[in-house]
Structures are given as structure tokens and as C-alpha cells.
Amino acid sequence: MAETIRTSEKPSNSSSLNPPSRIICHVCQKQFSQYTCPRCNSRYCSLPCYKSHSIRCTESFMRENVVEELRHLQSDDQTKWKMLEILKRFHSEDETEPLDEDVDDSILSDDTIQKILSGGEVNFNDLSLEEKKRFQRFLASGELSKMIEPWDPWWLKPAARTICLSKDGAQLIQPMANREDLESDQPSDIPCGPKTPLPSLRMLISTEPSPLLAVHLVDIIYSYCFTLRVYNGDWQSDAVGSAMVVLSISSVLGQAGQPETVQEALCYCLEQTCSPAYRHIGGLQFGLALVDDITNLLSLGSPALICMLCDLQRMIMAAGRELKSEKQRKLRKSETKSKLKLAERKVYFIMCWVHEQPNKALSSLAAIVSAEKSSLMEYGGNKSFSRTEKNAAGNKGKALIEEM
């Protein structure tokens with residue numbers, strides 16, 4: 001028995017004597033429909049018919065798709081590439097001229113687009129050579145950055161001044177009833193504090209802590225703020241890459257450095273910021289803005305600093321877990337894991353030290369950082385500072401730290 005051809009959406013009962021019917025495309029009325037529009041349930045046979053069946057429907061669908069993907073962006077490379085593909089297709093469709101149907105201006109192939117529409121995963125390796133070239137040109141043009149909402153650092157928000165921790169440094173348990181009331185006042189992007197109490201420094205070391213820990217704290221804060229601003233606040237999207245950026249910027253965490261003055265610590269961080277690897281991000285002006293971030297965080301007091309260090313610790317630990325699943329040469333992988341483990345220990349020790357510091361000492365350190373920024377700006381944009389200048393100015397800075 002021949003199959004039935006339908007042009008309406010009325011349901012039909014199929015059986016062995018009455019095989020299922022096939023629906024004609026609602027757009028061209030020539031081919032059998034293979035797809036259904038997720039918004040209006042209109043049946044269509046191909047991508048051209050989908051684009052032409054309703055401009056309002058396709059545009060609104062793509063906008064909602066982009067917003068939904070941004071909300072559920074996961075911390076794996078495959079999902080990131082999928083998000084970039086959706087944004088790229090949305091941009092290309094806005095620039096497509098609908099009057100010329102014979103010219104294919106789409107950057108992605110029909111098969112790739114249909115795979116995205118059906119909810120399938122698409123990564124960079126799935127693209128053809130031509131698609132990869134077009135995608136790379138799209139990234140280089142800067143169009144993607146225009147569609148990403150700028151990130152507001154959590155330490156600049158009013159809620160950061162109201163962070164509270166327990167006396168032992170642990171995160172306070174907040175009742176669910178109160179969380180809804182405070183949802184607007186305390187955004188979720190403010191990192192949580194430690195889940196367990198912080199031990200006393202006497203339990204970690206038998207001697208007095210070094211007076212240079214305040215200088216090391218400045219170095220660590222700079223590297224944290226640098227990394228979060230580079231990753232637009234989302235280090236979870238690439239924990240390994242974020243941790244590597246921290247180690248490359250921080251002398252204390254990445255090079256086992258022991259800066260003796262605030263100026264020496266800042267000069268090293270600024271030199272890394274102005275290096276060829278990161279110069280394109282903003283250079284010296286970007287680095288001086290990060291010095292302001294250090295001042296702001298120090299002025300918030302120990303609760304905010306503990307939350308910051310705890311977030312940095314989580315980043316480094318997440319990077320260590322991701323390294324276990326990555327395929328690298330054993331020697332290089334072992335060296336990276338050792339650096340991450342040592343850095344995580346240093347961050348935890350500094351966290352315990354910050355917990356025992358009075359806010360007055362942290363405020364004094366913030367004033368020192370602010371004063372050092374003023375002196376650094378007198379160099380008139382010079383990107384490097386000699387060891388002689390660092391040490392000459394360092395003696396004065398060291399005395400200030402010892403007084404703390």
C-alpha cells in the first residue's frame with residue numbers, strides 16, 4: 001500500500017494497514033519535511049526553508065539559544081567551542097542578505113548548522129578547513145568580544161564589604177530562608193570562604209612568620225586579579241590555563257621568589273604584564289589598574305582576602321585534577337603538578353596568616369601599595385626597572401613592612 005502524503009498537521013492513526021503518513025514542507029511545498037521548528041512547530045525540509053519560513057522566529061530562537069548557552073556554559077573545551085559556533089552563526093545570519101537566495105553566505109555548512117540546531121556537540125576539529133579559516137578570521141576581527149558582557153570584579157561590588165566569616169575563618173552557614181532575601185545584595189560570584197576552620201600558624205610552623213609575608217601577599221593578589229580579569233571572571237572555563245597564568249605572573253607562586261619590598265613585588269608583576277606574552281592585554285596601564293585592585297582588596301579586610309585566597313586555592317586544585325585527565329609527557333606533567341601543589345600550599349599558608357592579621361595592618365599595607373603606585377607612575381611609562389632602583393627604594397619599603 002502506498003504511503004499517504006499530508007499537507008496538514010492533523011493527527012492520524014497509523015497501523016499495519018494504515019502506514020504513517022509523510023508531511024510536505026510548509027515553505028517550499030515541494031519536498032517532504034524532515035525537521036520541525038522548535039519555536040512554531042512549522043515543518044521544513046532544509047536550511048534555506050528554515051531561514052525563510054519566519055525571520056522573526058529564527059532571530060528570536062537564535063538569541064534565546066545564545067542566552068541559554070551563556071547561562072549553562074560548562075568548564076570544558078568542547079562546550080566552549082559549541083558556544084563560539086552559535087555566536088558565530090548568529091552574527092553571520094544578521095549580515096546575510098535574504099534577497100539573493102542563490103548565494104550562500106553562511107560560514108558553517110548545512111550539516112554543521114543542523115547538528116547545532118538538533119542539540120549536538122560541535123568542536124573545532126569537527127569543522128572543515130574552510131570553516132576553521134573563517135572561524136579564526138571571526139575571532140581575529142574582535143566581533144566575538146562585542147557579544148560578551150564585561151565582567152564586574154566582585155571585590156568592587158558593595159556586597160564585598162559585608163562579607164562575614166566565623167571567628168575561625170570558616171564560611172558561615174546561612175539559612176535557606178535568608179539566602180533568598182540576600183540574593184540581590186550578595187551576588188553568587190563572590191567566592192565562598194573555607195569550609196573548614198583555619199588552623200593557627202603555631203600549628204603549621206614552630207618559628208615566627210616572616211615579616212615579608214605581607215609583600216608576598218601583594219604579589220599573590222596581583223596574579224589573582226590579573227588572571228580573573230583576563231578570563232573575564234570565569235576561571236572555571238579553563239582551570240589549567242588560569243593556574244598557569246597565575247604561576248607566570250606571580251614570582252612567589254611560580255618562581256619561588258622572595259621579594260623583599262612591595263616595590264620589588266610590583267615591579268616583577270608589571271614586567272610580566274608588559275612582556276610579549278601579555279603585552280596585547282593592556283600593558284603598563286592595565287598593570288597599574290591591577291595595583292588599584294590590590295588596594296581595594298586590602299581595604300576590604302581579612303574576610304574578603306580569605307575568600308579571594310580560597311578561590312585561588314580552588315583554582316589551583318581544579319587545575320591539578322584536570323591535569324590527571326590530560327595526555328601530556330610524564331616529565332612535563334609531573335613538573336607542572338609539583339608546581340601546582342607547592343603553590344596551593346603557599347596560598348593556604350598565606351590564608352592562615354591573613355586570618356590572624358588585624359585589619360589595621362592590612363589597611364597600612366594598602367596605603368603602602370597606593371604610595372608605591374604613585375612612585376611607579378613617575379617613571380613615565382617605563383616598563384622595566386633596574387635592580388639598583390628596586391633595592392634603593394626597597395630599604396624604605398622594608399622598614400614599613402617590618403613595622404606592621
Side-chain angles (χ1 to χ4, degrees), residues 153 155 208-229 246-275 278 283-302 304-306 308-309 312 343 346-347 349-404:
W155 54 85
E208 290 294 325
S210 171
L212 299 179
L213 290 178
V215 178
H216 298 177
L217 176 63
V218 171
D219 172 278
I220 294 174
I221 296 176
Y222 186 102
S223 64
Y224 173 83
C225 296
F226 179 96
T227 304
L228 259 66
R229 285 192 176 273
V246 170
L247 297 185
S248 65
I249 296 296
S250 172
S251 168
V252 175
L253 300 180
Q255 305 297 328
Q258 299 288 331
E260 297 183 357
T261 67
V262 171
Q263 188 180 52
E264 183 180 349
L266 292 178
C267 285
Y268 179 88
C269 293
L270 289 172
E271 287 175 357
Q272 300 306 310
T273 303
C274 298
S275 65
Y278 301 114
L284 182 60
Q285 295 300 321
F286 177 64
L288 293 176
L290 292 173
V291 178
D292 291 333
D293 288 335
I294 299 175
T295 305
N296 289 326
L297 271 166
L298 289 171
S299 64
L300 294 176
S302 59
L305 289 173
I306 291 175
M308 181 275 296
L309 293 169
L312 178 57
K346 290 183 178 179
V347 170
F349 181 82
I350 289 287
M351 190 190 311
C352 297
W353 176 83
V354 168
H355 177 237
E356 297 185 2
Q357 302 306 306
N359 287 333
K360 184 178 180 181
L362 298 175
S363 298
S364 300
L365 181 59
I368 295 174
V369 173
S370 180
E372 293 296 350
K373 178 192 174 183
S374 300
S375 64
L376 289 172
M377 293 178 66
E378 294 178 0
Y379 284 91
N382 187 14
K383 297 178 182 179
S384 61
F385 308 95
S386 66
R387 292 291 177 183
T388 304
E389 290 170 330
K390 292 179 186 177
N391 295 332
N395 295 331
K396 180 180 178 181
K398 183 176 180 181
L400 290 174
I401 296 300
E402 289 178 346
E403 289 177 6
M404 290 177 55

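Remember, predicted model here, so these are calculated numbers, not experimental data.
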Can you find a pair of side-chain heavy atoms, one from Tyr224 and one from Met308, that are under 4.5 Å apart?
yes

What distance separates Leu309 CG from Cys352 SG, expressed to the nearest 0.5 Å?
10.0 Å

Hey, can you tell me if Phe226 and Tyr278 have their rings parallel, tilted or perpendicular (30° and 60° cut-offs)?
perpendicular

Roughly how far, to the nearest 0.5 Å, is CG of Leu305 from CE of Met351?
11.0 Å

Spatial distance of atom SG (Cys225) from atom CD1 (Ile249) [nearest 0.5 Å]:
12.0 Å

For Phe349, enumerate each residue passing the ring pair (Phe, Tyr, Trp, His ring centres under 6.0 Å) test, keeping only those at least two apart in sequence or located in another chain.
none

Do any N or O atoms from the side chain of Asp219 and from the backbone of Ser251 form a donor-acceptor pair under 3.5 angstrom?
yes

Write down the atom of Val354, the atom of Ser302, and the distance for their closest heavy-atom approach.
O-CB, 3.7 Å

Spacing of Leu365 atom CG and Leu297 atom CG [to the nearest 0.5 Å]:
11.5 Å

Identified side-chain contact (heavy atoms from CB on, under 4.5 Å) counterpart of Leu312 within the set Leu228, Ile221, Val246:
Val246

Distance (rounded to the nearest 0.5 Å) between Thr227 OG1 and Leu290 CG:
9.5 Å

Between the CG atom in Leu376 and the CG atom in Leu270, the distance rounded to the nearest 0.5 Å is 6.0 Å

